[in-house]
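Reading through the structure tokens given below for one structure.
Below, all heavy atoms of this structure are taken into account, side chains as well, without hydrogens, waters or symmetry copies.
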Amino acid sequence: MSFFRPTAIGLLGLYLLIACQSTSSRDTPETPTIPLPTQLTGQQISQQYCASCHLYPVPALLDKATWQQGVLPQMALRMGLSDKQMNVLTSLSNTDEMARVIAANVLPETPTINPTDWQKIVHFYTTNAPDKPLPQPAHAALQATLPLFRAQQSTEAIDGFVTLLTYDSLTNRIWVGDARSQVYALNRQLRRVDSLRFSSPPTDRHTNADGSTDWLLVGMLNPNDRQTGTWAHQDKNSPAPVTQLQRLERPVQATVADLNRDGRQDVVVCQFGHYVGKLTWHERLPQPGANGETYREHILDSVPGARLTIVRDVDNDGWPDVMALLTQGDEQVALYRNLRNGSFRKETLLRFPSVYGSSYLELIDMNQDGAPDLVYTNGDNADYSPILKNYHGVRIFLNDGHFRFRQAWFYPMHGATQTVVRDFDQDGDPDVAAIAHFPDFSERPYAGFVYFENNGNLTFTPRTFPMANRGRWLRMTTGDFDQDGDDDILLGSFFKPVSPVHAEIMTYWRKPGAGVMLLENTLK
């Protein structure tokens, strides 16, 4: 308590200083102008205001209580209609973080809509929303057998706080990072053979052709807007990495590619942030600095919530383009076409309502027509509407050959988090493995992992296994870990408490070494 009070007072002073500076150029401060009320209905006003920032959310997406107690208060905060703005700002204990949030004006002082019109919106949603969340649509039953895989868990791996999970095929090592800023190398028996200690939790890793490694460190893991993330390079025989990029905004994923075709590898960074963030590419410059390579930052998009990127020459012009999944606020799949001069042109390929919880994306030819399709998951349920949602799940969007996409398949899966698409059974078509960090622990505790066996023509048999509830799966990767010629699957668990009625499941998650589980492919 003794620390919080002067910090809050100092931050309040900073807020007032910034607010005063914003009017310092005027001789007389102007009275804030509140928009006049309209004669429109609540539905018409919501379509006008809500659809201006993201795909329009219909009331049926959430139940009445969630709209009223979770989402609408947050919308009021971002529309200058909440008395909680100062509480939010003073909860930020870092002055630089607070200054950046204020400067971004994501929590405006002045209402952007007349309070009477806002109440019409609130009434429209709370009147037309269902009393309870809607049930999932009809779908194929989940079979509790997984004949192609054998589950193996190790007590000698790491605990259930996994933030990074990747396989290095060059060294046949599994790399696992955790929320305690530790990284471990595991062998095929899931035993530790090496370890590293970082300044913050790792979220991504890239192996280079020369055997060197790049590491992405998040800074602070929990939601924040501090610029404490880093990108570091570690030479093959070096005991420690050297920082190359600093002051990254809660980075969660990085892609290495030569975007400007100058022969040097650049890096695209998803700076997820919280209230603010950005998607950037960092041009590697010809002259290295004292600590290694030097980079010049270019902004692809000044938005929070960039989750992952895929670099691919989608128009076959010889220049790599960038596809991104944007998951916060204006949820969308965006394509940034390379204009060959260091700049990119954005095209929105798919757009989703702000409560959808977009979580993962893969670009792969699912119907084998020669055009890459999109496999997409939505199920992030950690924000202001943590209820079971009937639209969470795995989707396939087919490419019409001109990079326009339409939904062709959907399987409802509460809390869907990630997919890995491979031909696991080697029958000539791609299968899909999926995990969910927010499944229905009451009714379907084993649905945290689902293997979709491809039967052709976009039909799949969904399967799981009895031990699928032994972890709260957040990460997944694949590779031929046992070197027998087929793809195995590795799952990474991140402990987050759920209702006390699920105490038995949580005991599994808390066990030492329960952070990873191997699904060994028994095809060969």
Side-chain angles (χ1 to χ4, degrees), residues 54-56 137 139-140 253 255-261 268 270 279 281 300-301 306-327 330-341 343-353 356 358-378 391 393-413 416 418-434 452-462 478 487:
H54 45 72
L55 190 66
Y56 179 67
H139 56 280
Q253 190 259 354
T255 304
V256 175
D258 183 5
L259 294 183
N260 55 1
R261 291 178 42 178
V268 185
C270 292
L279 174 64
W281 77 276
L300 287 168
D301 222 330
R307 170 64 184 85
L308 63 84
T309 57
I310 300 168
V311 175
R312 191 82 57 85
D313 179 12
V314 301
D315 48 16
N316 298 313
D317 66 350
W319 289 76
D321 309 294
V322 179
M323 181 178 291
L325 179 63
L326 307 180
T327 67
D330 188 4
E331 300 192 19
Q332 59 183 280
V333 176
L335 175 65
Y336 303 85
R337 290 191 184 271
N338 197 328
L339 301 181
R340 312 182 191 183
N341 58 1
S343 60
F344 293 77
R345 182 182 70 249
K346 180 181 178 180
E347 299 175 12
T348 298
L349 303 178
L350 296 170
R351 208 175 183 201
F352 311 99
Y356 241 49
S358 300
S359 53
Y360 205 74
L361 186 73
E362 292 190 78
L363 182 65
I364 190 167
D365 186 1
M366 292 299 296
N367 60 354
Q368 299 176 305
D369 65 351
D373 309 303
L374 294 176
V375 179
Y376 160 91
T377 64
N378 66 307
Y391 46 87
V394 184
R395 288 172 169 82
I396 295 174
F397 294 91
L398 292 183
N399 187 343
D400 68 354
H402 303 283
F403 235 65
R404 295 187 296 263
F405 297 88
R406 64 171 179 85
Q407 181 174 309
W409 181 79
F410 168 60
Y411 187 87
M413 183 176 177
Q418 184 191 341
T419 60
V420 171
V421 181
R422 297 287 189 279
D423 184 6
F424 289 105
D425 54 13
Q426 298 185 9
D427 64 352
D429 51 30
D431 309 297
V432 181
F452 297 96
E453 180 183 344
N454 196 333
N455 302 317
N457 298 317
L458 294 184
T459 62
F460 299 84
T461 299
T478 187
D487 284 315

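For Tyr411 and Phe460, the ring centers sit 6.0 Å or farther from each other.
Judged by distance alone, the side chain of Asn454 and the main-chain N or O of Pro430 form a donor-acceptor pair under 3.5 Å. Under a 3.5 Å cut-off, the side chain of Thr377 and the backbone N or O of Tyr360 do form a donor-acceptor pair. With hydrogens and angles disregarded, no donor-acceptor distance shorter than 3.5 Å links the side chain of Asp321 to the backbone of Leu335. Of the possible polar contacts, one joining the Glu331 side chain to the Ser358 backbone as a donor-acceptor pair under 3.5 Å is found. Here the side chain of Thr255 pairs no donor or acceptor atom with the backbone of Val311 at under 3.5 angstrom. At least one donor-acceptor pair closer than 3.5 Å links the side chain of Asn378 to the backbone N or O of Tyr356. With hydrogens and angles disregarded, no donor-acceptor distance shorter than 3.5 Å links the side chain of Asp431 to the backbone of Glu453. The backbone N or O of Gly318 sits less than 3.5 Å from a side-chain atom of Arg261, completing a donor-acceptor pair. A distance-only check finds no donor-acceptor pair linking the side chain of Asp373 to the backbone of Ile396 [under 3.5 Å].
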Take Ser359 and Thr327, measure what side chain to side chain contact (heavy atoms under 4.5 Å, CB included) needs, and give me the verdict at the end.
CA-CA 7 Å; Ser359 53; Thr327 67; over 6 Å; no
After noting the C-alpha distance and the side-chain angles of Thr459 and Asn457, does the key distance pass the side chain to side chain donor-acceptor pair (under 3.5 Å) rule?
CA-CA 6 Å; Thr459 62; Asn457 298 317; over 6 Å; no
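Leu458 is listed as a side-chain neighbour of Leu398, based on a closest heavy-atom distance under 4.5 Å. With contacts defined as side-chain heavy-atom distances shorter than 4.5 Å, the pair Leu361/Arg307 does not qualify. Between Trp281 and Asn260, some side-chain heavy-atom pair lies under the 4.5 Å cut-off. Side-chain contact between Ile310 and Leu308 is present, with heavy atoms from C-beta onward closer than 4.5 Å. For the pair Val394/Phe452, a side-chain contact is recorded, criterion being any heavy-atom separation below 4.5 Å from C-beta on. For the pair Pro137 and Phe410, the minimum side-chain heavy-atom distance is below 4.5 Å.
Heavy atoms of other residues, nucleotides or ligands lying less than 6.0 angstrom from CZ of Arg406 number 12 at most.
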